[in-house]
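Notes follow the structure.
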Amino acid sequence: MKMGNVLLEVRKGNIAEQSDITAIVNAANAELRTGGGVAGAIHRAAGPGLEAETRHWAPIKPGEAVTTNAHKLPNKFVIHCLGPIYGVDQPADKLLADCYRNAILRAEEKKIESIAFPAISTGAFGYPFEEATDVAFTSIREMCPKTKHLKLIRFVLFSETDLESYQSRLNPN
């Protein structure tokens with residue numbers, strides 16, 4: 001689906017294996033350290049240099065995003081976003097939207113043409129998947145007309161169920 005000059009894609013896969021994408025987004029923890037889920041997969045693939053570089057930026061607050069090099073990943077950059085912990089960080093919808101908006105702003109600052117997002121805050125942070133998907137798409141729709149460099153936004157989902165949920169919201173007909 002196209003939004004202005006930006007193509008939106010949805011794929012099933014591992015976000016750490018998106019070799020045709022300039023920047024991937026890490027669903028990070030506040031200390032920007034290796035963790036489980038998306039953060040763990042990205043840190044394992046990137047190698048120890050990523051965690052060493054992120055120390056400079058930590059801690060970050062919910063909704064914030066910072067950019068690092070991708071190290072051993074097949075990408076040029078990693079944009080680390082701290083999503084809200086559902087039921088704890090409030091207002092959760094605004095903080096989650098800020099993650100997507102700030103990631104796109106960081107991408108624009110680096111003149112990045114392609115970015116891949118995971119489903120931020122939906123794993124260990126407990127954000128209900130369908131609600132988080134709606135926040136993601138609303139935020140992206142708001143930001144796409146404002147981009148100058150970004151040409152491709154890809155959502156990379158780990159499970160078939162998550163992929164189908166994103167596809168149905170992206171193409172509601």
With a 4.5 Å limit on heavy-atom distance, are the side chains of [X] and [Y] in contact?
{"X": "Phe117", "Y": "Ile140", "value": "yes"}
{"X": "Asp93", "Y": "Leu96", "value": "no"}
{"X": "Phe129", "Y": "Leu157", "value": "yes"}
{"X": "Leu32", "Y": "Val66", "value": "yes"}
{"X": "Cys81", "Y": "Asn26", "value": "no"}
{"X": "Pro48", "Y": "Thr34", "value": "no"}
{"X": "Glu9", "Y": "Ile153", "value": "no"}
{"X": "Ile79", "Y": "Ile115", "value": "yes"}

NZ/NE/NH1/NH2 to OD/OE distance under 4.0 Å, Lys148 and Glu108:
no
Could Asp89 and Lys61 be called an ion pair, given the rule that one side-chain N must be under 4.0 Å from one carboxylate O?
no
Is it true that [X] and [Y] fall in one hydrophobic cluster, defined by side-chain heavy atoms closer than 4.5 Å?
{"X": "Leu8", "Y": "Leu163", "value": "yes"}
{"X": "Val25", "Y": "Val6", "value": "yes"}
{"X": "Phe77", "Y": "Ile21", "value": "no"}
{"X": "Tyr166", "Y": "Val38", "value": "no"}
{"X": "Ile24", "Y": "Ile120", "value": "no"}

Using only heavy-atom distances, determine whether the side chains of Thr22 and Glu113 contain a donor-acceptor pair under 3.5 Å.
no
Short side-chain donor-acceptor distance under 3.5 Å, His80 and Thr68:
yes
How close do [X] and [Y] get, heavy atom to heavy atom, and via which atoms?
{"X": "Thr122", "Y": "Ala132", "value": "CG2-CB, 3.5 Å"}
{"X": "Lys72", "Y": "Ala45", "value": "CB-O, 3.5 Å"}
{"X": "Ala39", "Y": "Arg33", "value": "CB-O, 4.4 Å"}
{"X": "Arg169", "Y": "Asp134", "value": "NE-OD1, 2.7 Å"}
{"X": "Ala107", "Y": "Leu150", "value": "CB-CD1, 4.5 Å"}
{"X": "Ala136", "Y": "Tyr100", "value": "CB-CZ, 3.5 Å"}

Enclosure of [X] [atom1] (heavy-atom neighbours >12, cutoff 6.0 Å):
{"X": "Lys111", "atom1": "NZ", "value": "no"}
{"X": "Asn14", "atom1": "CG", "value": "yes"}
{"X": "Phe158", "atom1": "CZ", "value": "no"}

Going from [atom1] on [X] to [atom2] on [Y], what distance comes out if it is rounded to the nearest 0.5 angstrom?
{"X": "Asn75", "Y": "Ile112", "atom1": "CG", "atom2": "CD1", "value": "10.0 Å"}
{"X": "Leu50", "Y": "Leu73", "atom1": "CG", "atom2": "CG", "value": "7.0 Å"}
{"X": "Leu105", "Y": "Lys146", "atom1": "CG", "atom2": "NZ", "value": "8.5 Å"}
{"X": "Ser165", "Y": "Glu160", "atom1": "OG", "atom2": "CD", "value": "12.0 Å"}
{"X": "Arg101", "Y": "Met143", "atom1": "CZ", "atom2": "CE", "value": "7.5 Å"}
{"X": "Ile15", "Y": "Phe155", "atom1": "CD1", "atom2": "CZ", "value": "10.0 Å"}

May I ask you to check whether Tyr86 and Phe125 place their ring centers less than 6.0 Å from one another?
no
Quick one: does any side-chain atom of [X] pair with a main-chain N or O of [Y] as donor and acceptor, under 3.5 Å?
{"X": "Ser121", "Y": "Pro84", "answer": "yes"}
{"X": "Thr138", "Y": "Val135", "answer": "no"}
{"X": "Glu131", "Y": "Tyr127", "answer": "no"}
{"X": "Asn102", "Y": "Asp98", "answer": "yes"}
{"X": "Thr54", "Y": "Glu51", "answer": "yes"}
{"X": "Asn29", "Y": "Glu31", "answer": "yes"}

Quick one, Arg154 with Asp20, criterion salt bridge (Lys or Arg N to Asp or Glu O under 4.0 Å). Give me CA distance, side-chain angles, the key distance, then yes/no.
CA-CA 11 Å; Arg154 178 178 297 160; Asp20 60 332; 2.9 Å; yes
In sequence, state the C-alpha distance, the side-chain angles, and the governing distance for Leu170 and Met1, and then conclude on side-chain contact (heavy atoms from CB on, under 4.5 Å).
CA-CA 7 Å; Leu170 185 61; Met1 167 185 231; 3.5 Å; yes
Step by step, would you call Glu53 with Arg55 a salt bridge (Lys or Arg N to Asp or Glu O under 4.0 Å)?
CA-CA 6 Å; Glu53 185 180 352; Arg55 285 188 197 130; over 6 Å; no
Please test Lys151 against Ser114 for side-chain contact (heavy atoms from CB on, under 4.5 Å), starting from the C-alpha separation and ending with a verdict.
CA-CA 6 Å; Lys151 303 292 177 227; Ser114 58; over 6 Å; no
Given side-chain contact (heavy atoms from CB on, under 4.5 Å), test Ile104 with Thr147 step by step and report yes or no.
CA-CA 8 Å; Ile104 290 173; Thr147 63; 3.7 Å; yes
